[in-house]
Chemist: 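First the structure, then my questions, so here it is.
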Number of protein chains: 2
Amino acid sequence: MTAIIPRAWQAVLDAVERDLIEGRLSPGDHLPPERTLAADLGVGRSSVREALRVLEVLGLIRTAVGSGPSAGAIIVARPGGGMSALMRLQVAAQGFAVADVVETRLLLEGSIVAELASGTGVIDLSAAEQILTAMESQTLTEAEFLALDTQFHLSLAEANGNQVITATMAGLRSAIEGYARAGAAGLASWPATSARLMLEHRGILTAILAGQADAARLAVHAHITGYYAETHLTSASSTTASPTTR
Amino acid sequence: MTAIIPRAWQAVLDAVERDLIEGRLSPGDHLPPERTLAADLGVGRSSVREALRVLEVLGLIRTAVGSGPSAGAIIVARPGGGMSALMRLQVAAQGFAVADVVETRLLLEGSIVAELASGTGVIDLSAAEQILTAMESQTLTEAEFLALDTQFHLSLAEANGNQVITATMAGLRSAIEGYARAGAAGLASWPATSARLMLEHRGILTAILAGQADAARLAVHAHITGYYAETHLTSASSTTASPTTR
DNA sequence: AGCGCGGTGTGGTCTGACCACAGGCTACAC
DNA sequence: GTGTAGCCTGTGGTCAGACCACACCGCGCT
């Protein structure tokens, strides 16, 4: 199986993965320097860099120049960024349909709030609470509002405690962020819509705190589908007329 | 925001993403040759290669050496591979807990079969049917059985028609494949377990065809949790939110 | 004792070179 | 005229070397 690996960069990827699985590398550890890695594996430094670039985009490592304890490539295992890049690019390349992304979001987020509502243990929703308060306490631009909206939905996923679902939610959200923004620009009345969205947020949180799982699920469902229906997402033309700055 | 991009490879990534979003690149199209891309963007060929490597791992492009129409980098937008690599590595690096992966799988797969069962339109389950028949018609090794088992579960996701869910399922499955294999080796009686799994598969399919959404969801739930409980891989049996302290 | 400055090791990038490969094209043989 | 063999060209894959920017670390000066 591992007799011949025609691609040198894949050998590097495999070596790092093996080191992770077998415990030789753990979060927080430093990878060997690129030049050392190249010499150890018998490949060129370019191939090592290609593999490290993949690991970086996938959210496994963080690289920093310079010297000292914080420099070099460090295992971080932060899946959010990689998931976002993957889903955003797949949507851009039409590998993922926007409707499928929205549908998956409905599925995941509905299950999240239902589980939060029916959970027996103490669940910390103070983060979500604070975000809602911040949204309501001042007048925000559309971009600021959407950013906080993203944070609110993500905070629910984080409260659920499942890292996989949280990262996936972050990716899904990021993939359709451009569409959400484009849609907001075409709304009849942004103040009216944002006010409604805030009320719906409160409703979702209330249902969760009251332990009403089905009500919370329905509220989330209506919240998400309502916005995308209102912004005519499916037929939105998102072509930006801004010239490429270069 | 996009004032300065210190990293050259990111500029390449952004350029490709922009071309995709604005329609200058579509699935099936060729990317410019690496040397041309490098010259156009004003970066070195190494940086272009790093970006292309990322796109390849993410499942956006396919590269081939040689000449002619099939050579070069071609947009393919096949998300399965990228999702699998991401989740497998995140599990290896402890960014994803195995229990969370299993829980997410339960959530997605349960919803898939419930939706299949309650679907009104004509749904093609012949692929799943054929896989089950193949599993039952001969004695398989553990590896062969697990491979077909994966195909069965994936065929259900594909029947659902949601590309995002299908790719995510493939990634989740791939992430814990190693654990499933290791667990199979430690079973008391593999023939007994495999026979039970096959019966459960039939039960799931029957419930779907009978339109019994809740029964199908419960059958999938029991099927997955049963196997992982039996192999002592995880204690994730109930849907309680795990109170991760961090 | 305090401070400044160069050494050193790291990632980031570019350049140039060579190889393997696949297809197309030309020139030769029949 | 036809068929085929071999060269040609363009592509990705890889390597080696060089240089830069950067951040720490320690020596030496004040």
Side-chain angles (χ1 to χ4, degrees), chain A residues 2-16 19 25 28-76 78 81 85 246, chain B residues 2-16 19 25 28-76 78 81-82 85:
Chain A
T2 62
I4 285 188
I5 297 179
R7 296 212 241 272
W9 60 272
Q10 235 169 15
V12 182
L13 223 49
D14 287 352
V16 173
D19 285 350
L25 282 177
D29 289 352
H30 279 71
L31 258 63
E34 295 177 355
R35 294 164 175 86
T36 305
L37 215 45
D40 289 352
L41 298 174
V43 300
R45 194 181 160 214
S46 329
S47 303
V48 172
R49 300 204 89 249
E50 290 178 15
L52 293 189
R53 197 62 55 230
V54 170
L55 291 175
E56 183 178 351
V57 172
L58 257 40
L60 256 88
I61 65 173
R62 169 187 75 78
T63 61
V65 296
S67 167
S70 70
I74 305 179
I75 312 276
V76 292
R78 194 182 304 270
R246 183 163 51 81
Chain B
T2 61
I4 182 171
I5 297 179
R7 296 212 246 270
W9 60 271
Q10 236 170 13
V12 181
L13 224 47
D14 286 353
V16 173
D19 284 351
L25 283 177
D29 288 353
H30 279 70
L31 258 64
E34 294 177 355
R35 293 162 176 88
T36 305
L37 214 44
D40 288 352
L41 297 174
V43 300
R45 193 181 159 213
S46 332
S47 303
V48 172
R49 300 205 88 247
E50 290 178 17
L52 293 188
R53 197 63 54 231
V54 169
L55 292 176
E56 182 178 351
V57 172
L58 258 40
L60 256 89
I61 64 173
R62 169 187 74 80
T63 62
V65 295
S67 164
S70 69
I74 305 179
I75 310 277
V76 293
R78 193 181 307 270

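Values below: every heavy atom of this structure, side chains too, minus hydrogens, waters and symmetry copies.
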Chemist: Rounded to the nearest 0.5 Å, what's the gap from CZ on B:Arg35 to CG on B:Leu37? Could you check?
Modeler: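 Atom-to-atom, B:Arg35:CZ and B:Leu37:CG are 12.0 Å apart.
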Chemist: For B:Arg62, does the CZ atom have more than 12 heavy-atom neighbours from other residues, nucleotides or ligands under 6.0 Å away?
Modeler: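 Counting other residues, nucleotides and ligands, CZ of B:Arg62 exceeds 12 neighbours.
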Chemist: Under 3.5 Å, is there an N or O donor on one side and an acceptor on the other linking the side chain of A:Arg45 and the base of C:dG12?
Modeler: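 Side chain to base: pair present.
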Chemist: Send over the distance from A:Glu50 CD to D:dG13 C1', rounded to a whole Å.
Modeler: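 Atom CD in A:Glu50 sits about 8 Å away from atom C1' in D:dG13.
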Chemist: Is there a side-chain contact between B:Ser46 and the phosphate of C:dG12, meaning an N or O under 4.0 Å from OP1 or OP2?
Modeler: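 False: B:Ser46 side-chain N/O out of range (4.0 Å or more) of C:dG12 OP1/OP2.
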Chemist: Over how many whole Å does the gap from B:Trp9 atom CH2 to C:dG12 atom P extend?
Modeler: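 Those two atoms, CH2 and P, are 9 Å apart.
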Chemist: Considering heavy-atom distances to DNA chain C, does B:Gly66 or B:Gly44 have its closest nucleotide positioned more toward the 5' end?
Modeler: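 By nearest-heavy-atom nucleotide position, the 5'-most residue is B:Gly44.
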Chemist: With a 4.0 Å limit, can you tell me whether A:Ser47 has a side-chain N or O closer than that to the phosphate oxygens OP1/OP2 of D:dC15?
Modeler: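 Checking A:Ser47 against D:dC15: at least one side-chain N or O falls below 4.0 Å of OP1 or OP2.
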Chemist: May I ask you to say what B:Arg62 touches in the nucleic acid, namely base, sugar-phosphate or nothing, with a heavy-atom cut-off under 4.0 Å?
Modeler: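 It contacts nothing in the nucleic acid.
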Chemist: Is any side-chain nitrogen or oxygen of A:Arg7 closer than 4.0 Å to OP1 or OP2 of D:dT14?
Modeler: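 Indeed not, no polar side-chain atom of A:Arg7 lies that close.
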Chemist: Tell me, which of residues 29-36 of chain B have any heavy atom that sits under 4.0 Å from an atom in DNA chain D?
Modeler: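 Residues of residues 29-36 of chain B that come under 4.0 Å of DNA chain D are, in numerical order, B:Pro33, B:Glu34, B:Arg35.
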Chemist: Do you know the tightest heavy-atom contact between B:Ala73 and B:Ile61?
Modeler: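 Closest pair (atom of B:Ala73, atom of B:Ile61, distance): CB-CD1, 4.2 Å.
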Chemist: Does the side chain of A:Leu58 come within less than 4.5 Å of B:Leu58's, by heavy atoms?
Modeler: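 The answer is yes; the side chains approach within 4.5 Å.
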Chemist: A:Val12 and A:Ser47: which non-hydrogen atoms are nearest, and at how many Å?
Modeler: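 What the structure gives for the nearest pair is CG2-O, 4.4 Å.
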Chemist: What's the spacing between B:Trp9 CH2 and A:Glu56 CD if we round to 0.5 Å?
Modeler: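 If I round to the nearest 0.5 Å, the distance is 5.0 Å.
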Chemist: Distance check, rounded to the nearest 0.5 Å: A:Arg53 atom CZ versus B:Leu52 atom CG?
Modeler: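 A:Arg53 CZ to B:Leu52 CG: 13.0 Å, rounded to 0.5 Å.
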Chemist: About how many Å separate CG of B:Leu13 and CZ of B:Arg7, when rounded to the nearest 0.5 Å?
Modeler: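 Rounded to the nearest 0.5 Å, the CZ-CG separation comes to 11.5 Å.
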Chemist: Quick one: A:Leu41 CG to D:dG13 P, roughly how many Å, whole number?
Modeler: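 The answer, rounded to whole Å, is 19 Å.
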Chemist: Rounded to whole angstrom units, what separation is found between the CZ atom of B:Arg49 and the P atom of C:dT13?
Modeler: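 It works out to 16 Å between those atoms.
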Chemist: Nearest nucleotide by nearest heavy atom, which residue falls closer to the 5' end of DNA chain D, A:Val48 or A:Gly68?
Modeler: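 Its nearest nucleotide lies further toward 5', so the answer is A:Val48.
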Chemist: Say you draw a straight line from OG of B:Ser46 to CD of A:Glu50; how long is it, rounded to the nearest 0.5 Å?
Modeler: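 CD of A:Glu50 is found 8.5 Å from OG of B:Ser46.
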Chemist: Remember a base hit wins even if backbone is also touched, and classify A:Ala64 as base, sugar-phosphate or nothing at under 4.0 Å, heavy atoms.
Modeler: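 Sugar-phosphate, no base atom in range.
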Chemist: Specify the separation, in whole Å, of atom CD1 of A:Ile74 and atom C1' of D:dA23.
Modeler: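 My rounded result for the distance is 13 Å.
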Chemist: Hey, what do you get for CG (A:Asp19) to CG (A:Asp14), rounding to the nearest 0.5 Å?
Modeler: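 If we round to the nearest 0.5 Å, A:Asp19:CG and A:Asp14:CG are 11.0 Å apart.
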Chemist: Has A:Arg53 got a side-chain N or O lying under 4.0 Å from the OP1 or OP2 atom of C:dG12?
Modeler: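 Affirmative; the distance criterion is met.
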Chemist: Could you give the CD1-to-P distance, from A:Ile61 to C:dG11, as a whole number of Å?
Modeler: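 After rounding, the gap between these two atoms is 9 Å.
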Chemist: Rounded to the Å, how far apart are B:Glu56 CD and D:dG12 P?
Modeler: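 Atom-to-atom, B:Glu56 to D:dG12, this comes out as 12 Å.
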Chemist: Does C:dG12 have its OP1 or OP2 closer than 4.0 Å to a side-chain nitrogen or oxygen of A:Thr63?
Modeler: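 Yes, because at least one side-chain N or O of A:Thr63 sits under 4.0 Å from OP1 or OP2 of C:dG12.
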Chemist: To the nearest 10 degrees, what angle separates the axes at the start and end of the helix from C:dA1-D:dT30 to C:dC30-D:dG1, five pairs each?
Modeler: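 Helix axis angle between the two ends: 30°.
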